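The structure appears right after this line, and notes come after that.
Worth saying up front: this structure is predicted, and the values here are computed from it rather than measured. Naming convention: chains lettered A, B, ... in sequence-line order (proteins, then strands); numbering from 1 in each chain.
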Amino acid sequence: MIESVATLGSHCALQVLKGAKDEGFRTVVVTKRGREGVYRRFGFIDEFLVVDEFGEIASEEITEALKGLRSVLVPHGTLISEVGIERAERLGVPIFGNRWLLRWEADRELKGKLMREAGFELPREFSSPEEIDRLCIVKRHGAAGGRGYFLAWDKESYERGVEELKRMGISGKFYIQEYVLGVPAYLHFFYSPLSGEVELLGADIRYESDVDALGRIPAECQRGIKPGYTVVGNIPLVLRESLLEKVFELGEGFVDASKRLVPPGVIGPFCIEGVFTKEARFVAFEFSARIVAGTNLYIDGSPYSSLLFGKPVSMGRRIAMELRKALDEGRIEEVLT
Amino acid sequence: MIESVATLGSHCALQVLKGAKDEGFRTVVVTKRGREGVYRRFGFIDEFLVVDEFGEIASEEITEALKGLRSVLVPHGTLISEVGIERAERLGVPIFGNRWLLRWEADRELKGKLMREAGFELPREFSSPEEIDRLCIVKRHGAAGGRGYFLAWDKESYERGVEELKRMGISGKFYIQEYVLGVPAYLHFFYSPLSGEVELLGADIRYESDVDALGRIPAECQRGIKPGYTVVGNIPLVLRESLLEKVFELGEGFVDASKRLVPPGVIGPFCIEGVFTKEARFVAFEFSARIVAGTNLYIDGSPYSSLLFGKPVSMGRRIAMELRKALDEGRIEEVLT
Amino acid sequence: MIESVATLGSHCALQVLKGAKDEGFRTVVVTKRGREGVYRRFGFIDEFLVVDEFGEIASEEITEALKGLRSVLVPHGTLISEVGIERAERLGVPIFGNRWLLRWEADRELKGKLMREAGFELPREFSSPEEIDRLCIVKRHGAAGGRGYFLAWDKESYERGVEELKRMGISGKFYIQEYVLGVPAYLHFFYSPLSGEVELLGADIRYESDVDALGRIPAECQRGIKPGYTVVGNIPLVLRESLLEKVFELGEGFVDASKRLVPPGVIGPFCIEGVFTKEARFVAFEFSARIVAGTNLYIDGSPYSSLLFGKPVSMGRRIAMELRKALDEGRIEEVLT
């Protein structure tokens, strides 16, 4: 029996726990010592499990505590980045969503496979610097948060980029991807196994440092600035209504592909991330197989959630609504792994 | 007697129909086969009239169906772009708003005339490439969505631009307009013939591909990219409060000019589109004489609608409120044409 | 006894008065003749005191009128820019907040002192053009709204900038500040002396003309444009949740420093303004020791206010809630100066 909702104290914990509280669950945060104070500022968190490293969520002590509280864990980005896939998969507490899908998000090869299976248009990849015939983004394998990225438009600029990274002490294998011209958009979906429906709950633009400050500097003053892509926040976005047909196609494509490749397929929130080109095509770069931080914009509801539910429903609350319904209908095993 | 609100299934149909439902109307979507599925995802649409092309709304079959449902049609951008002015003007169903004004939005000459009559500051136009003495945007007559646009700052760059378009198979007559330096803003107004008041309900920034991605590319990597201006969504904006005086002046100016030039003048939603310069002047580029898609941001209310109504009122709902009031007061003919 | 809330008719007056009304206060606007009409459009303002210049708020006539209405004045940016510090400090009506702190916001030396005392990371300053070794922003002492600013990256570009300003008739003393690469963010705090808590109510990005239009112009077309920094509006932002720890540290640091340097310290709203770098450090440029206009975004509540209060609470309403509580608890002198 599930009585409480737990999550790691980071990323989108506030909305997850607020939403859980609104749906009548007890709430549990697993928080790092020091960052605990942030969560104590809000009135809707019942239990604090304080750890030194998020990895401790996999320890017997925390696992037993969560079991004692009859918790379901809502996974988010911090589970992947700080606990790691291996431990997340083996975690001894029930997880809302499909835990086997997290690996497909974290591994570049699997990620590409799932996106191709979903029928997404993907950026072209180049296998050698000689092939570069347009603006490309070059990423070091395993690079995170934009460190180890550079832009190149031919063999020369590629080699210059590699040299510069070397001087900064960054080396390794690189892969070369077309830099697709278009505006970034992050599409927030929820798939309900109970209803069989894909819902669109919102969209956002990431606010990245310092690439989103670059345009404020006149060209003549830029003088070789290499932008970073560190996410510091999110900006709200609504989509042109005529794009929604395509957007739901992307969402349905993802759900179907995940069912085929990683049964039982995606459960609950996911996000498809890419750019809309000037021809209004969507080219996908990434997906997240769990709630994304961009949904923090809509803690008090989004335009889309208002259309769907007629009341403010955050992604966090949507998760709790699904849990509540699953419990009421005796179908809880359909939303957990 | 009006019993239902109908609109074309695109652009801002979701908020128009949601707002109508909230005010107690039956709701009707005229939707293209295929895109129908998007609208079936939401619970507030009562009737589906499925067509192969939006132009069929002018057919006897659809017209009769709408009459049978005692519908009023809420016009939006798709009516203009896909049905066309001629057919929209002759449509055999009542339209919320002034249908004779749509032509003034669609025709560049009439549009300029109305904006001058409203007292707007407009960008300077140049009659020949020799006159260009500042950054200009050059538009092919009839160009839509940014295709057939280019930037030029003198005769030479003008001629280079024309050449490049030729190579892309685009030719014709061009007009040359000052590229006014300033930040874009779209101002959402509602004029109530029942109260005689101009209301400001919101403001937005369009999210355009790929011009809004350009600033994220370092100057040295841009290498001749020609940006596009395809609208893919909208971003929320509130205005500096000291600008509101000017903003209401713009709104009032538009209402008055439309009354003089196109009686009975504007009814319901309209939008004034332009840039604020660094001197905080507003230079207008366009207007829309009907609801704009930027209002989709505020399906759950905007800061301004919250000040006006103390509850969440989208532009779609504002329309339905005006219809409801007109029916209650026996003044429905004042809001229809 | 306080019975009404008054403010100058500009900046954020609408949300301040709406919030006051929602908490049961009478509302008073001191408005400039001409701009009065804007405020008459909204239904929640009870009293209009019409002046020719905002400075008249310090006149005996207006002061007596405010006293007769038993008003508390909520100060904002217009009080500082149009009435001035001297008169604001001597104003014969009670002010919500610490009036002695306004001087620290307006004076560059005091401002720096308070920010250093708060432990903020500040941009490096250079004492002579010879020292410039990176991109810098050069500001004329006393420059406002971005006029009299330019960018320089070495002695030569500095001298060119000074020359250009001279030709525009702008001269004087300049100071040279590192141009910190990072994305701007404005953090909206509320400090409650009644509870002793620092609350985060929201964050925004300023929309500035024409610097925020610069990135939409291809590098090759910019041709020496010198951007302006005129604020015309604000765009909503949520912060990455893992940054909140740092953000609350900033807020607490400011509260503590203000208590030490300007007793009784900050009361009510304040804002810390700066950039997040790609290393996710926050470098502070400015603070506002009173409500900022960016909070106009959240008249109907922000994601953060929704977490705190479970209902839509604007900064204006938050002020009124504190006033109401102070009155109820007989502690009104703790929130006024």
Side-chain angles (χ1 to χ4, degrees), chain A residues 9-15 17-18 21-22 32 34-39 41-44 76-78 145-147 204 206-223 225-236 293-301 312 314, chain C residues 135 151-153 157 179-185 197-200 203 205 208 211-227 229 235-245 247-249 275-280 282 300-310 312:
Chain A
S10 191
H11 193 273
C12 58
L14 289 167
Q15 66 156 306
L17 300 177
K18 175 67 159 64
K21 195 75 188 171
D22 287 341
K32 259 169 122 160
R35 211 187 280 179
E36 189 192 345
V38 169
Y39 294 95
R41 291 173 184 274
F42 299 92
F44 49 79
H76 52 59
T78 306
R147 267 183 55 86
D204 80 284
R206 283 192 184 165
Y207 192 47
E208 294 173 337
S209 184
D210 45 9
V211 70
D212 283 315
L214 191 65
R216 289 167 56 96
I217 303 174
E220 56 161 357
C221 301
Q222 292 191 5
R223 314 188 70 71
I225 293 169
K226 304 278 174 271
Y229 300 85
T230 306
V231 181
V232 303
N234 304 271
I235 296 169
T295 61
N296 288 339
L297 286 162
Y298 305 118
I299 290 181
D300 202 34
S314 68
Chain C
L135 191 59
L151 300 183
W153 52 89
S157 53
Y179 186 99
V180 183
L181 290 174
V183 286
E197 294 282 341
V198 175
E199 299 162 5
L200 176 70
I205 305 167
E208 294 174 335
V211 71
D212 284 315
L214 190 65
R216 290 168 56 95
I217 304 173
E220 57 162 356
C221 301
Q222 291 190 6
R223 315 187 70 72
I225 293 169
K226 304 278 175 270
Y229 299 85
I235 297 169
L237 175 68
V238 291
L239 300 167
R240 190 173 175 164
E241 192 161 308
S242 58
L243 297 174
L244 293 186
E245 186 184 357
V247 165
F248 279 110
E249 232 177 81
V275 297
F276 283 102
T277 69
K278 62 182 163 186
E279 300 84 18
F282 186 84
D300 203 34
S302 76
Y304 302 100
S305 73
S306 155
L307 290 172
L308 281 169
F309 304 106

Taking all non-hydrogen atoms of both residues into account, name the closest pair between A:Arg35 and C:Ser242 and its distance. NH1-CB, 3.8 Å
Please find the pair of heavy atoms, one from C:Lys278 and one from A:Thr230, that lie closest to each other, and give the distance. O-OG1, 2.6 Å
Hey, which of [options] has the most heavy atom pairs under 4.5 Å with chain A?
options: C:Ser305, C:Pro303, C:Gly301; result: C:Pro303
options: C:Ala203, C:Pro184, C:Gly215, C:Gly182; result: C:Pro184
options: C:Ala280, C:Pro236, C:Ser157; result: C:Pro236
options: C:Val238, C:Val275, C:Leu308, C:Leu239; result: C:Val238

Heavy-atom proximity to chain C below 4.5 Å, by part of [X]:
X: A:Gln222; answer: neither
X: A:Arg216; answer: both
X: A:Tyr39; answer: side chain
X: A:Ile217; answer: both

Contact part of [X] toward chain A, heavy-atom cut-off under 4.5 Å: side chain, backbone, both or neither?
X: C:Leu135; value: side chain
X: C:Ile235; value: side chain
X: C:Leu307; value: both
X: C:Val198; value: both
X: C:Leu200; value: neither
X: C:Glu208; value: side chain

The criterion is side chain to side chain contact (heavy atoms under 4.5 Å, CB included); which residues satisfy it with A:Asp300, sequence neighbours excluded? A:Pro312, C:Ser306
Residues at least two apart in sequence or cross-chain that pass ring pair (Phe, Tyr, Trp, His ring centres under 6.0 Å) with C:Tyr304, listed by chain then number, are none
CG-CD1 distance between A:Asp212 and C:Ile205, expressed to the nearest 0.5 angstrom: 8.0 Å
So which of [options] has the largest heavy-atom pair count under 4.5 angstrom toward chain C?
options: A:Lys18, A:Arg206, A:Lys21, A:Lys32; answer: A:Lys18
options: A:Tyr207, A:Phe44, A:Tyr298; answer: A:Tyr207
options: A:Leu214, A:Leu297, A:Thr78; answer: A:Leu297
options: A:Ala219, A:Pro218, A:Gly233, A:Ser209; answer: A:Ser209
options: A:Cys12, A:Gly34, A:Gly294, A:Ser314; answer: A:Cys12

Is there a donor-acceptor pair under 3.5 Å between the side chain of C:Glu241 and the backbone N or O of A:Ala293? no
Salt-bridge present (C:Lys226, A:Glu220; N to O < 4.0 Å): yes
Per side-chain contact (heavy atoms from CB on, under 4.5 Å), A:Val232 is matched among C:Thr277, C:Leu237, C:Val183 by C:Val183
